[in-house]
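Indexing begins at 1, ligand by ligand and atom by atom, following the structure's order. Note: hydrogens, waters and symmetry copies are ignored here, and every other heavy atom, side chains too, is used.
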Amino acid sequence: MTDLRIAIAGAGGRMGLANIRAVHATPGLVLHSAFDRPGATAVGRDAGELAGLGALGVVIGDDPEAALEGAEAIIDFTAPAVSVMLAEFAATRELIHIVGTTGCSREEDWSIQKAGSAGARIVKSGNFSPGLNLLLGLVRQAAAALPGYDVEILEMHHNKKVDAPSGTALMLGRAAAEGRGIDLDEHAVRARDGHTGMRVPGSIGFQALRGGAVVGEHSVILAGDTERIEIVHRAQDRGMFAAGAVQAALWAKDQPAGFYSMADVLGL
Ligand code: NAD
């Protein structure tokens with residue numbers, strides 16, 4: 001069987017570099033191309049050299065169409081508008097599109113999902129870590145078993161992160177809402193400031209901290225009157241997200257066109 005030809009979007013980014021390393025390290029995958037936005041400092045550099053692997057002969061370009069020529073899959077951790085555009089490319093070319101980008105609006109999410117019914121094989125997740133995806137089941141279970149407990153979600157990320165709450169915090173909130181049989185959008189309280197009044201029973205609160213080089217930390221707190229449960233996940237290295245993304249690409253190879261989550265990849 002021939003290796004799956006991967007294009008890395010946002011190749012010069014924190015996750016882009018981790019994805020280049022993960023593709024290089026994974027049997028069955030080959031780095032076909034890499035690209036970033038026009039003007040990015042990574043453009044024109046060898047992808048392998050930039051990722052600390054030594055030269056691989058793949059020069060980072062700035063033209064997505066050229067980069068996708070001959071590619072079978074895109075691994076894309078970039079920005080919402082870029083992921084929407086790449087999902088459209090993926091649909092017309094019947095590509096695998098692994099989307100790690102967070103902070104998408106409802107409309108952007110919908111456009112990406114639509115590409116799944118128009119010929120692309122899309123796997124989108126706000127968190128590609130297998131451990132975190134497993135944790136979602138625990139949160140769902142805890143929220144269902146302890147209906148009177150207040151659910152609060154606290155997250156911390158590095159000081160370059162541009163969206164809040166994190167995609168992972170929203171996934172955890174959605175899992176808690178599913179456990180309670182409620183709609184997250186109707187019960188989410190995204191931040192508190194000033195004279196807020198008392199906590200609304202049944203709400204799911206979010207708080208976002210930003211600082212330093214924190215890769216990603218999430219706590220789901222279930223607070224009762226006499227006890228507090230905290231379910232915590234700490235990401236220590238972006239390599240774990242990248243390993244999940246390449247696992248998703250290999251899995252998607254054998255799937256029909258459609259829109260999938262990391263839970264589908266892991267069979268959860
Ligand atoms: P980053 O800013 O380091 O990297 C983003 C890269 O995308 C940059 O190199 C940027 O130049 C590039 N880019 C921007 N516009 C582009 C375009 N038009 N074409 C090609 N490339 C373009 O950010 P990061 O820390 O790598 O995170 C990227 C995204 O991935 C964020 O949304 C982040 O929240 C998300 N993320 C998701 C997971 C997950 O598991 N799902 C894990 C970590 C980060």
Any ion pair linking [Y] and [X] (charged N to carboxylate O, less than 4.0 Å)?
{"X": "Glu72", "Y": "Arg121", "answer": "no"}
{"X": "Glu108", "Y": "Arg106", "answer": "no"}
{"X": "Glu152", "Y": "Arg228", "answer": "no"}
{"X": "Arg5", "Y": "Asp3", "answer": "no"}
{"X": "Glu107", "Y": "Lys114", "answer": "no"}
{"X": "Arg199", "Y": "Asp150", "answer": "yes"}

Heavy-atom side-chain proximity of Val215 to Arg238 below 4.5 angstrom
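The answer is yes, as the side chains (C-beta and beyond) meet within the 4.5 Å cut-off.
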
Among all protein heavy atoms, pick out the one at the shortest distance from [atom]; state its residue, atom name and that distance to 0.1 Å.
{"atom": "atom 28 (C) of ligand 1", "answer": "Phe77 O, 3.5 Å"}
{"atom": "atom 4 (O) of ligand 1", "answer": "Gly13 CA, 3.3 Å"}
{"atom": "atom 40 (O) of ligand 1", "answer": "Phe128 N, 2.9 Å"}
{"atom": "atom 16 (C) of ligand 1", "answer": "Arg37 CB, 3.4 Å"}
{"atom": "atom 20 (C) of ligand 1", "answer": "Asp36 C, 3.4 Å"}
{"atom": "atom 18 (N) of ligand 1", "answer": "Val82 CG2, 3.5 Å"}
{"atom": "atom 29 (C) of ligand 1", "answer": "Thr78 O, 3.5 Å"}

Per atom 39 (C) of ligand 1, closest listed option by heavy atom (Pro80, Gly126, Gly10, Ala34)
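Shortest heavy-atom distance from atom 39 (C) of ligand 1: Gly126.
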
Nearest candidate to atom 2 (O) of ligand 1, where distance is taken over non-hydrogen atoms, out of His157, His158, Arg14
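Minimum heavy-atom distance to atom 2 (O) of ligand 1 goes to Arg14.
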
For the pair Phe77 and Phe128, name the ring-plane relationship: parallel under 30°, tilted 30 to 60°, perpendicular over 60°.
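Aromatic pair Phe77/Phe128 classed tilted.
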
Check ligand 1 against [X] and write out every atom of the ligand that is under 4.0 Å from a heavy-atom position of the residue.
{"X": "Lys161", "value": "34 (O)"}
{"X": "Gly12", "value": "9 (O)"}
{"X": "Asn127", "value": "39 (C), 40 (O), 41 (N)"}
{"X": "Gly100", "value": "30 (O), 35 (C), 36 (N), 37 (C), 38 (C), 39 (C), 41 (N)"}
{"X": "Met15", "value": "26 (O), 43 (C), 44 (C)"}

Polar contact flag for Ser125 and ligand 1 (N/O pairs, less than 3.5 Å)
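N/O-N/O distance below 3.5 Å exists for this pair.
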
Can you tell me which residue among Lys161, Glu155, Lys160 is in a side-chain hydrogen bond (donor to acceptor under 3.5 Å, both in side chains) with His157?
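When Lys161, Glu155, Lys160 are each tested with His157, the side-chain hydrogen bond (donor to acceptor under 3.5 Å, both in side chains) holds only for Glu155.
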
Evaluation steps, side-chain contact (heavy atoms from CB on, under 4.5 Å), between Leu31 and Ile20
CA-CA 7 Å; Leu31 181 67; Ile20 291 167; 4.1 Å; yes

What do we get for [X] next to ligand 1 when only non-hydrogen atoms under 4.0 Å count, side chain, backbone, both or neither?
{"X": "Phe241", "result": "side chain"}
{"X": "Pro64", "result": "neither"}
{"X": "Thr102", "result": "both"}

Check this for me: Asp225, atom CG, are more than 12 non-hydrogen atoms of other residues, nucleotides or ligands nearer than 6.0 Å?
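No, not enclosed.
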
About how many Å separate CD1 of Ile98 and CG of Leu86, when rounded to the nearest 0.5 Å?
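Between Leu86 CG and Ile98 CD1, I get 12.5 Å after rounding to 0.5 Å.
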
Close approach, Gly103 and ligand 1, non-hydrogen under 4.0 angstrom:
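It does not, in that no heavy atom of Gly103 comes within the 4.0 Å cut-off of ligand 1.
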
